[in-house]
Amino acid sequence: MAKKISRVKAGVQTRLELRRWQTRLAEKAGRKARRVGGQKRHGHAAPRPSRSKRSIGQSAKVWLDLAVPETLDLVGGHDEVCAFVQQIKASLKAGNNVRLLFDQVQRIRLGALTYMLGQMQKLRFEYGEDRLTGSYPKKAPVERLLSATGFYHLLKVKSRDGDSKQSRQSRYIRFRSDQKINASEITQVRDEILGQDLKMPPLIAKTVFRAVSEAMTNVNHHGYDKKSFRSAQVAGILRGRWWMLATLNLTNNMFKLVFYDAGVGIPSTLPRKYPLELIRQALALLPGFQPDDGQMIAAAMALGRTRTELQNRGKGLLDLAKLIDIVGDGRMRIYSRRGTLTYGAGEQSAMNEHGFLEGTLIEWDLPLHKALNVPLESLKNVADPYD
Amino acid sequence: MSPTHTINVARDFSKEPIGRYTTDGESSGEVFRVKLLAPALCDAEVVRVILDGTEGYGSSFLDEAFAGLLRARILRVGEFDRRIELVSEEDPSLKKEVQDYVAQEEARQRSR
């Protein structure tokens with residue numbers, strides 16, 4: 001009997017030991033995850049997760065849940081998108097593991113999605129692959145978008161419906177990303193999104209190539225600053241990196257292409273290429289006046305049109321805008337740091353936002369029938385069941 | 001020295017010309033100038049460059065490939081139009097664009 005009690009005691013002790021060991025292992029894993037990137041805990045920059053979410057013996061992770069805003073759209077929601085990305089960054093920096101809750105998300109626009117995508121991949125490189133994940137949204141089109149563009153794949157969230165549930169009316173491509181100039185990605189994205197049934201006239205197809213190829217070249221030349229990387233290892237993964245996404249919607253008659261780099265941004269790189277006096281001249285600003293970020297992007301456009309005595313300065317952002325000129329319609333938007341520039345319909349406007357967008361994001365919105373040079377009626381078909 | 005040498009960019013170099021410098025990749029403007037254009041100018045009085053058949057051209061490629069001939073002292077100011085013949089039926093604006101880059105470089109060199 002005494003032997004039996006002793007065996008039971010020993011069993012209990014073993015289980016207790018096992019539990020203690022699991023707890024120690026979980027804490028060690030947590031400390032290790034927080035050490036990735038060499039960051040110290042950062043005061044109260046981000047909310048801390050509740051201890052009650054810890055479950056011993058299951059996952060060692062304590063997740064900080066961040067609710068994604070209902071609408072993610074850089075047009076009209078620029079500050080909210082930027083603030084949300086900053087919140088994720090601050091939370092990771094503070095040592096939390098972050099879970100993005102997409103439950104309430106109603107709409108995500110491609111520009112905001114590309115920015116999120118690039119930033120999420122960057123943050124995973126910087127703070128650890130397993131410290132950022134996401135939940136499923138309630139709205140089917142949002143889930144389809146996150147799944148088809150590869151956002152879930154990036155966050156290692158298992159797609160529930162696969163990537164095959166695309167309708168004929170609304171097409172997405174899985175995001176592309178590379179660290180070098182990659183011409184074949186441009187043509188592949190263009191051909192993949194158009195499919196076999198749609199074809200661009202050669203001149204417009206060539207102009208798409210021109211616009212994206214110059215965006216890639218810009219990133220390779222001066223998109224990133226080596227001082228801005230958290231470590232040499234992160235620099236090795238991020239230097240020269242860009243992200244690209246495209247969608248095509250036959251119902252809305254819209255072709256969208258977005259290109260993003262997480263570098264230092266046009267307002268930082270322009271003064272390295274041109275003297276400040278020349279930038280002021282391009283903007284017709286008085287001497288001594290410091291241009292804001294929006295004006296810097298406008299200056300980058302203007303200097304492309306100006307003949308300067310500086311060697312091989314290229315055409316600035318004009319190659320990017322040429323796509324709008326050739327199609328004869330549509331809109332290009334450039335977001336960089338706090339500046340935004342909108343180009344289209346023979347007009348150009350620049351402004352300064354409150355929110356800070358890291359890097360440079362270029363978005364082209366083209367009426368599809370004009371990009372394909374076909375009558376609008378030829379694209380009218382059955383309504384998209386998902387939209 | 002033969003009178004004319006023809007280079008077809010898509011056939012002889014790349015269908016996807018992209019980037020400015022060698023560091024941008026094997027299909028950059030500098031690589032095209034150094035490997036094809038400059039040697040052809042040594043061999044022939046006139047080099048005919050056929051620009052058709054590619055996926056397109058960015059301004060960096062065009063500027064470095066052609067205006068770069070003046071920066072690299074392969075051509076002198078005023079020589080470009082006599083020695084280089086550009087052909088582009090698919091996008092006739094390319095010829096004028098290249099001529100603008102060359103004119104800009106010539107103006108820069110004259111002003112020094």
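What you see is a predicted model; the values in this text were computed from it and never measured. Below, read A as the first sequence line, B as the second, and so on, with proteins coming before strands; counting in each chain starts at 1.
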Could you check whether [Y] and [X], counting side-chain N and O atoms only, form a donor-acceptor pair closer than 3.5 Å?
| X | Y | result |
| --- | --- | --- |
| B:Y101 | B:E105 | no |
| A:T342 | A:R331 | no |
| A:Q281 | A:E277 | no |
| B:R20 | A:T217 | no |

Query raised in the report: Going by residue number, which parts of residues 23-40 of chain B are within reach of chain A, meaning a heavy-atom gap below 4.5 Å?
Result: B:T23, B:D24
Requested in this report: Using a strict 4.0 Å threshold on nitrogen-to-oxygen distance, state whether A:R171 and A:D197 make a salt bridge.
Outcome: yes
Query - Ionic contact status for B:R82 with B:E45, cut-off 4.0 Å - result: yes
Query raised in the report: Can you name the side chain to side chain donor-acceptor pair (under 3.5 Å) partners of A:E347, sequence neighbours left out?
Result: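 Expected list: none.
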**Report entry** Residues which pass side chain to side chain contact (heavy atoms under 4.5 Å, CB included) with A:V219, listed by chain and number, not counting sequence neighbours
**Finding:** A:Y224, A:F259, A:D261
Query raised in the report: Checking B:L70 against chain A: side chain, backbone, both or neither under 4.5 Å from a heavy atom?
Result: neither
Requested in this report: Please tell me if the side chains of A:P291 and A:M296 come closer than 4.5 Å, counting only heavy atoms from C-beta onward.
Outcome: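 In short, these two side chains touch, coming nearer than 4.5 Å.
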Report task. Run through A:K180, A:H221, A:M244 and flag the one making a side chain to side chain contact (heavy atoms under 4.5 Å, CB included) with A:M216. Result ->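 It is A:M244, the one option of A:K180, A:H221, A:M244 that forms the side chain to side chain contact (heavy atoms under 4.5 Å, CB included) with A:M216.
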Query raised in the report: Looking only at heavy atoms, which of residues 182-191 of chain A get nearer than 4.5 Å to chain B?
Result: A:A183, A:S184, A:I186, A:T187, A:R190
